[in-house]
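To keep things clear, I will list the structure first and then write my remarks on it.
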Amino acid sequence: MEYPKIKVDLNKVEHNVRTIVNLCRKYDIEVAGVTKVFCGDPRIAQAYVDGGVSYLADSRIENLKRLGDFSLPKMLLRLPMLSQVKQVVKYADISLNSEIDTIRALSKEAKAINRRHKIILMVDLGDLREGYYYEEEIFSALEEVMSLSGVELFGIGTNLTCYGGVIPEESNLRKLAEIAKAIEEKHEVSMEVVSGGNSSNIHMLSEGKWVSRINNLRLGESLVLGQETAYGRRIDNTHDDAFKLEVEVIEVKEKPSVPTGKIGRDAFGRVPAFTDKGIRKRIICGVGKQDVEADSLISMDDNLTILGGSSDHLILDGTDSDIDYEVGDSIEFKLTYGGILGAMTSEYIKKDIFRNCRK
Ligand SMILES: *Cc1c(COP(=O)(O)O)cnc(C)c1O
């Protein structure tokens, strides 16, 4: 087997999805399964579908293109680029939007291929990433959206805990629900979707709180890692090791814990600091920052410490471990969301995507 490789257990992914879809269903919330962390790999997307998601969602059009064989509606999460509107109407059924110029262009391109592209207008509830911040702006955008024949108003949505770190609560989500209600009353329409946000909303469901009328969540991290992202808490009955990285040991040596000589900058321009722990057993593995950051790996051996890394090397301290690591051995790590993103994106990391034998 070749290393480094990322191992993806599809049974565990599907289990996480089913658990969270069922939790959401209690509150009449449909789940858009966010596939960007695994670059829209169709095998993993299939586990999302088997677990019961209602939409497939990704921030990049290239990834949605890979998902073309799925019949579920596809949602583009990042605001469309004007230069990409042709591909957007071709590969996405729905997109999140906050710029009327872009929506006009989407309408024109959709008409050209006889489609109606669905628009979710984004409302900024204070996190200061995308969306209309002032209500009067959203109402004037809305009128124009409804007058364009190549697009249809599919709903409104918001995104919190992304830039500003604002946590979704009943107070800010209620504002979204009120805007939805006001739109529906004023225009005598009924919107399909009121999308409350991402994995940072799950903490509310775990606490038995929700705001009615909000009927959609766009979930990535919670599905792949079984973790909500407002407070970083585990979600009951989920796995945190559906994605694991396995790397190969290429050097094991006893060495001092402090470098010898005058300390300048490391390979990335930072001045490193060290504590003297005497002579230690240092292990080097063949994976580096070009693939994943050392701090996005989680050691599964409690006595094996991650010291750091450079572009192509990961350095570990194995002195206190019960395992006698040797050259040629492989070591498994759990990953943070950023680690999964890096490992799935890196061309240098092999992808071992498997299903255990029949249940
Ligand atoms: C990435 C993304 C999500 C999913 O976020 P998670 O925290 O992974 O659940 C939801 N909405 C938008 C707009 C995104 O870009």
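Heavy-atom basis, side chains included; hydrogens, waters and symmetry copies ignored. Order of listing sets the numbers, starting from 1, for every ligand and every atom in it.
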Short side-chain donor-acceptor distance under 3.5 Å, Asp301 and Ser299 = no
Q | Polar side chain donor-acceptor pair, Ser222 to Glu228, under 3.5 angstrom | A | no
Handout entry: Validation row, ring centre Phe70 to ring centre Tyr48 under 6.0 Å
Key = no
Those residues at least two apart in sequence (or on a different chain) that pass side-chain contact (heavy atoms from CB on, under 4.5 Å) with Asp352 are Met1, Lys5, Lys7, Phe354
Which of Asp93, Ile94, Val34, Leu72 passes side chain to side chain contact (heavy atoms under 4.5 Å, CB included) with Tyr55? Answer is Ile94
Between Asn159 and Asp127, is any side-chain donor less than 3.5 angstrom from a side-chain acceptor? no
Protein neighbours of ligand 1 with a heavy atom under 4.0 Å, given by chain and number, are Val34, Lys36, Leu77, Leu96, Arg129, Glu130, Asn159, Asn198, Ser199, Arg218, Leu219, Gly220, Glu221, Tyr337
